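Comments concern the structure below.
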Amino acid sequence: MKILLLGRDGQVGFELRRALAPLGDVVAVGRLTCDFENEEDIKRTINAVGPDVIVNAAAFTKVDLAERETQRAYAINSEAVSLIGREAAQIGALVVHYSTDYVFDGLSTEAYRENSAANPLGTYGKSKLEGERRLAESGAQHLIFRTSWVYGLHGGNFAKTILKLAREREELSVVSDQFGAPTSACLIADVTAHALVRTKARPSLQGLYHLTASGSTNWHAYACRLVEKARAAGLPLRVDVGGIRSVSSLEYATVARRPANSLLDTSKLCQAFQFRLPAWTDGVDYFLEQFIGDHVTA
């Protein structure tokens, strides 16, 4: 199997390089090789590789910046995805693509299912939703995974930001009225690899799935767990759990609105592929072990 991995340098792309390697010949490219705002670059890359599978981990993910750079957000999150789908359809390649909880407005009191009504609050979510739809309409076989609150050792994310700030400050303010499931890039990559193999064997499995760790938390409780566990393991932090102040979304204003409820129902994925998704705490604790091992000097 020949796999073209786009977005090799992002959080998920970095882990995909590891997870996809046992499946065949992986050609992993980043922005320097393939500019996602350049259609000719995308076409040239796909034609040069001639893949059986295209895994698209490239995206415009800066939620607030998307409100100012709307054209770029749509170019990368929608137009490029549509082009990938059309090119893949011509060569019979399967496309794996990633989307987000931000396609929902967060007003539901229950976890969102794949067929729940989408209603993005901002440009990021709107551009990702359009990308989903255009890929589905392209004629290419596809797997689309919506995920949320992604973190990992590579790249920037909430977990690493909290640990950095906790070393610099004696008090932090974190919102407590937004709920979701922190999901590791490792988990996303590993699930992708297994689902890809099964879908190649059974094309009827293609479609849209929700992929997150199990369980639920809010940003404040998530931050408290990170700090508490890190301090207990010896990471030198200035702030303790008592110094992490709980605030509302109204108190912590951002350019783009965030959904209050980011919980995604993963039952369709678990049933289709016979997966058991781990608790979000398991992934975060494993991440902390690795992170602390890299940052605590002997």
Side-chain angles (χ1 to χ4, degrees), residues 9-18 61-65 100-102 106 124 147-190 211-264 277-298:
D9 299 317
Q11 289 191 97
V12 175
F14 183 83
E15 294 296 339
L16 282 166
R17 288 152 61 182
R18 167 194 56 80
T61 58
K62 296 180 180 179
V63 178
D64 291 326
L65 187 60
T100 174
D101 55 299
Y102 279 56
Y124 171 65
T147 189
S148 69
W149 295 23
V150 180
Y151 66 90
L153 288 172
H154 183 80
N157 53 66
F158 176 85
K160 291 172 71 174
T161 298
I162 287 294
L163 294 172
K164 177 179 182 295
L165 294 176
R167 299 182 77 162
E168 300 170 350
R169 304 179 185 178
E170 295 181 352
E171 184 178 276
L172 301 175
S173 296
V174 183
V175 297
S176 57
D177 56 0
Q178 295 174 14
F179 295 84
T183 303
S184 75
C186 287
L187 175 63
I188 295 169
D190 290 340
L211 165 53
T212 68
S214 64
S216 170
T217 189
N218 61 63
W219 291 114
H220 178 264
Y222 180 17
C224 288
R225 187 177 187 89
L226 289 165
V227 168
E228 182 178 27
K229 291 278 186 177
R231 285 177 65 89
L235 195 67
L237 303 180
R238 296 183 66 189
V239 73
D240 60 17
V241 171
I244 305 177
R245 190 167 69 95
S246 169
V247 299
S248 70
S249 299
L250 292 176
E251 294 176 85
Y252 195 84
T254 55
V255 175
R257 292 172 60 198
R258 270 71 170 168
N261 175 18
S262 285
L263 292 172
L264 303 178
L277 296 169
W280 72 267
T281 51
D282 293 342
V284 169
D285 291 352
Y286 180 67
F287 159 82
L288 281 169
E289 290 178 11
Q290 296 175 294
F291 182 89
I292 293 165
D294 291 340
H295 289 80
V296 175
T297 56

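Quantities reported herein were computed from a predicted structural model and do not represent experimental measurements. Starting from 1, each residue takes its place in the sequence as its number.
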Item to complete: Could you point out which residue of Val227, Leu165, Val247, Ile162 forms a side-chain contact (heavy atoms from CB on, under 4.5 Å) with Val174?
Response: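 The option that passes is Ile162.
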Worksheet item: Under the criterion side-chain contact (heavy atoms from CB on, under 4.5 Å), which of Asp64, Asp101, Val175 is the partner of Arg258?
Response: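 Output: one option passes, namely Asp64.
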Worksheet item: Between Tyr222 and Trp149, how do the two ring planes meet: parallel, tilted or perpendicular, split at 30° and 60°?
Response: parallel
Item to complete: Quick one: sort the Tyr102 and Tyr124 rings into parallel, tilted or perpendicular, breaks at 30° and 60°.
Response: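 Rings of Tyr102 and Tyr124: perpendicular, over 60°.
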Flag the pair [X] / [Y] as yes when at least one side-chain heavy-atom distance between them is below 4.5 Å, and no otherwise.
X      : Y      : value
Asp285 : Lys229 : yes
Trp280 : Thr183 : no
Ser176 : Trp219 : no
Leu235 : Arg167 : yes

Least distance between heavy atoms, [X] atom then [Y] atom:
X      : Y      : result
Pro182 : Val284 : CB-CG2, 4.2 Å
Ala181 : Ser148 : O-OG, 3.4 Å
His154 : Gly10  : CD2-O, 3.7 Å
Gly152 : Lys160 : O-CD, 3.3 Å
Phe158 : Ala223 : CZ-CB, 4.0 Å
Leu237 : Ala230 : CD1-CB, 3.9 Å

With distance as the sole test, does [X] use its side chain to make a donor-acceptor pair with the main-chain N or O of [Y] at under 3.5 Å?
X      : Y      : result
Arg245 : Glu171 : no
Thr147 : Thr100 : no
Glu289 : Tyr286 : no

Fill in: All ring pair (Phe, Tyr, Trp, His ring centres under 6.0 Å) counterparts of Phe179, not counting sequence neighbours
none
To the nearest 0.5 Å, what is the distance between [atom1] ([X]) and [atom2] ([Y])?
X      : Y      : atom1 : atom2 : value
Asn261 : Asn218 : CG    : CG    : 12.0 Å
Asp177 : His220 : CG    : NE2   : 11.5 Å
Thr281 : Leu288 : OG1   : CG    : 11.0 Å
Leu16  : Cys186 : CG    : SG    : 10.0 Å
Asp9   : Arg17  : CG    : CZ    : 6.0 Å
Leu277 : Asp282 : CG    : CG    : 11.5 Å

Worksheet item: Are there more than 12 heavy atoms of other residues, nucleotides or ligands under 6.0 Å from atom CZ of Arg169?
Response: no
Worksheet entry | Heavy atoms from other residues, nucleotides or ligands near CZ of Arg231 exceed 12 (cutoff 6.0 Å) |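 Enclosed: over 12 neighbouring heavy atoms sit under 6.0 Å from CZ of Arg231.
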Fill in: Glu15 and Arg18 ion-paired at < 4.0 Å
yes
